Amino acid sequence: MSNEQPKIPQATAKRLPLYYRFLKNLYASGKQRVSSAELSEAVKVDSATIRRDFSYFGALGKKGYGYNVSYLLSFFRKTLDQDEITEVALVGVGNLGTAFLNYNFMKNNNTKIVMAFDVDQAKVGTEVGGVPVYHLNQLEELIHEQISVAILTVPAHAAQSITDRLVQKGIKGILNFTPARLNVPENIRVHHIDLAIELQSLVYFLKNYPSESNGVNSL
């Protein structure tokens, strides 16, 4: 996000892309204004939280009117740096990595996987979803300064050594889909997404909290 924006709570920052996605859909449908209650119903975040999130950025709406969709969309596009393409490298072209390459992210925002790495010779030299796949040995040679983010979908035992190499090449953010908990310098941001743990957590909540709301405050 832009350095000109105020520092906001991390929980709020994580919700901003969710708001942005919904506002894009609203704008495409021709809707001109939206209330916090309508936003709440759509994104499953309670309206008080939405109003508090928005308040960190000043007066984004008017009481009795709601929020101007076009203005909010423009504001969050700038806040999330959506006018600039963020180039991403992916390491590990297995089933999950292949799914990411075929999906990529340009369909929804300005984040794009531009290269992938693997050790499987059957995959090296091919393209998956239009993204070239290189041998892992070429990582230091090919990752350049425009790439600041990496997605890690490799076996857990290889995660730390590959992370060390990525950090040495200037990667600032890692989306880690391995069970490994990575050791990185303080200036490196890592988001851990362990699908097995998320599934176990979901099942636990279904069994032990069956009468609670369906995730309104889960973010």
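For reference, positions follow the sequence shown, starting with 1. Because the structure is predicted, anything quoted here is derived from the model rather than measured. Worth knowing before you read on, the calculation uses all heavy atoms, side chains too, and leaves out hydrogens, waters and symmetry mates.
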With clusters defined by side-chain heavy atoms of hydrophobic residues (ILVMFWY) lying less than 4.5 Å apart, directly or transitively, does Val131 cluster with Leu152? no
Determine whether a donor-acceptor pair (N or O, by modelled atom type, separation under 3.5 Å) exists between the side chain of Ser40 and the backbone of Val45. yes
Can you find a side-chain donor-acceptor pair between Gln168 and Asp164 that sits under 3.5 Å? no
Would you call the rings of Phe117 and Tyr134 parallel, tilted or perpendicular, taking 30° and 60° as the class edges? tilted
So Phe54 and Phe76, would you call those rings parallel, tilted or perpendicular, with 30° and 60° as cut-offs? tilted
Considering residues at least two apart in sequence or located in another chain, which fulfil the salt bridge (charged side-chain N to carboxylate O under 4.0 Å, His left out) criterion with Lys172? none
Are the aromatic ring centres of Tyr27 and Tyr20 under 6.0 angstrom apart? no
Test your reading of the model: is there a side-chain donor-acceptor pair from Lys123 to the backbone of Asp118, 3.5 Å cut-off? no
Within the 4.5 Å heavy-atom criterion, are Arg51 and Ser55 side-chain neighbours or not? no
Answer yes or no: is there a donor N or O on one side and an acceptor on the other, between the side chain of Thr86 and the main chain of Lys112, under 3.5 Å? no
Just by distance, do the side chain of Ser201 and the backbone of Glu198 share a donor-acceptor pair under 3.5 Å? no
For Ile193, what residues pass the side chain to side chain contact (heavy atoms under 4.5 Å, CB included) criterion, not counting sequence neighbours? Leu175, Phe177, Leu195
Only pairs at least two apart or in different chains count here, so list each side-chain hydrogen bond (donor to acceptor under 3.5 Å, both in side chains) that has a residue in residues 87-99. none
Given 3.5 Å as the limit, does a donor-acceptor pair link the side chain of Glu140 with the main chain of Lys169, or not? no
